[in-house]
Amino acid sequence: MAIRTSLELSRGIFAENKVKDAVDLFKKLVRQKICEPNEITYATVLNELSKRGHTDKTLSLLRLMEQGSTKPNKKNYSIVVDALCKDRNLDAAIDLLNEMKLKGIPPDIVTYNSVIGGLCKLGHWEKVKTFFSEMVNLNIYPDVRTFNIVIDRLCKEGKVEDGEEVMKHMVGKGVEPDIITYNTIMDGYCLCGQRDIARIVFDSMINKKIEPDIISYNILINGYCKEKKVDEAMQLFCEISHKGSKPNIVTYTTILQGLFEVGRTDDAKNFFDQMLSTGPTPDLYTLLSMVILSTDLLKKLCYSFISWKERENTDIIFYIIIINGL
DNA sequence: AAAAACTAAA
């Protein structure tokens, strides 16, 4: 297991370097006019850069595109707007959105959703309202995703009631909540310690013929574990396979942690064995949390290494060493 | 042929 994990991690590290090299090469080929990629190729590269947090590079690649013969289209701009939003650089994102309008490439629902999401994350609720009005004025109507983004941020800030209000509002506008809306609200209730209401939401979505998915189960299981009601969590766990869903690594990790928190280490061990034989492959986090939770001695040992790691900033190598060592 | 936005454990 440890060796496999190390290998997977190493592959990840090398893949990361490869992407950087690939982008440098890509830019060079474009600049020297050795090749001229189309919009989709550009979009793919922009996405990879955005995913890995190289927001500045997405912007410079977009500018490079503007100078070439393949002009950026709506999706290319939107990817960069989204990257800037994820980077919490809302001023730049909004500038770019306005630039799109000036260039006659009108932003669409996706562009607006990115900006609204970014503004919500920063808690700029007044600006969120402004953008809602702006998009409606342009005949772009908020969809279920737009509302889900807003509801999620409200819930994460502990304002579940406001989230419920937004949900009522969307229904009034003829936009039906989907499974993500319900999951978001459930998680919101769990986050503020109202697991009982989360359970009511869970049951009400079943009544509305929306089948809970594995994420719905994981949210509620996590809520029960936080309350130290591990038996109730276990009962839900058993329901999953009867309802045609399948527990995933999040489900197992959540229950394992719940069992450890209440000191049921034997049950945790059995549950871990059950996962190894019939469940998903544990990820690095599962293994590490098992190790950390296992004994106080190892816990202290790991923590002393973790603070060393933070100084040295070599986290991945560090985890490989710890897991191999153990 | 291939591209963009929303939900769960740490």
Side-chain angles (χ1 to χ4, degrees), chain A residues 37-51 58 62 65 70 72-86 93 97 100 105 107-118 120-121 135 140 142-156 163 166 170 175 177-188 190-191 198 201-202 205 210 212-226 233 236 240 245 247-258 260-261 280 282-293 306 319:
Chain A
N38 63 15
E39 296 92 333
I40 297 175
T41 316
Y42 273 111
T44 309
V45 177
L46 287 169
N47 266 321
E48 287 304 313
L49 287 171
S50 167
K51 255 194 268 170
T58 63
L62 186 76
M65 249 189 117
T70 311
N73 64 12
K74 187 176 293 197
K75 288 186 183 177
N76 299 135
Y77 275 105
S78 295
I79 295 168
V80 181
V81 169
D82 184 62
L84 290 165
C85 290
K86 293 218 159 76
L97 180 138
M100 289 171 74
I105 305 167
D108 61 11
I109 182 79
V110 178
T111 331
Y112 276 98
N113 283 350
S114 290
V115 170
I116 286 175
C120 289
K121 271 191 194 121
M135 60 194 284
I140 302 167
D143 64 1
V144 63
R145 289 184 182 211
T146 322
F147 288 111
N148 285 347
I149 291 163
V150 176
I151 293 171
D152 179 53
R153 287 324 304 176
L154 288 169
C155 288
K156 293 280 187 298
V166 174
M170 68 189 272
V175 182
D178 62 6
I179 185 143
I180 295 181
T181 323
Y182 284 103
N183 287 350
T184 306
I185 295 271
M186 276 172 53
D187 192 46
C190 288
L191 283 174
V201 174
F202 183 85
M205 68 190 264
I210 296 180
D213 61 6
I214 187 60
I215 296 182
S216 326
Y217 280 103
N218 288 349
I219 289 167
L220 208 49
I221 285 174
N222 183 43
Y224 278 117
C225 286
K226 287 269 146 65
L236 269 177
I240 298 173
S245 214
N248 63 15
I249 189 63
V250 176
T251 327
Y252 279 93
T253 309
T254 309
I255 290 193
L256 279 170
Q257 293 192 355
F260 269 110
E261 302 261 306
D283 61 10
L284 184 59
Y285 181 78
T286 312
L287 295 175
L288 196 64
S289 66
M290 286 295 288
V291 167
I292 289 177
L293 291 162
I306 286 168
Y319 288 119

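Residue numbering restarts at 1 for every chain, and letters A, B, ... go by the order of the sequence lines.
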A:Tyr252 and A:Pro282, any side-chain heavy atoms less than 4.5 Å apart: no

Contact check, side chains of A:Ser289 and A:Thr253, non-hydrogen atoms, under 4.5 Å: yes

Contact interval (first through last nucleotide) of DNA chain B with protein chain A, 4.0 Å heavy-atom: B:dA2 to B:dA10

Euclidean distance, A:Asp82 CG relative to A:Lys75 NZ, rounded to 0.5 Å: 14.0 Å

Sugar-phosphate only, base, or nothing, as touched by A:Thr184 at under 4.0 Å among non-hydrogen atoms: sugar-phosphate

Minimum side-chain heavy-atom gap A:Lys156-A:Asp187 below 4.5 Å: yes

Sugar-phosphate only, base, or nothing, as touched by A:Ile40 at under 4.0 Å among non-hydrogen atoms: base

Touch class at under 4.0 angstrom, heavy-atom based, for A:Lys86 against every strand present: sugar-phosphate

Pairwise side-chain contact, A:Asn113 with A:Asp143, heavy-atom cut-off 4.5 Å (strictly under): yes

Sugar-phosphate only, base, or nothing, as touched by A:Ser78 at under 4.0 Å among non-hydrogen atoms: base

Sugar-phosphate only, base, or nothing, as touched by A:Asp178 at under 4.0 Å among non-hydrogen atoms: nothing

A:Asp178 side chain reached by A:Asn148 side chain, heavy atoms, under 4.5 Å: yes

Sugar-phosphate, base or nothing in reach of A:Asp213, heavy atoms under 4.0 Å: nothing

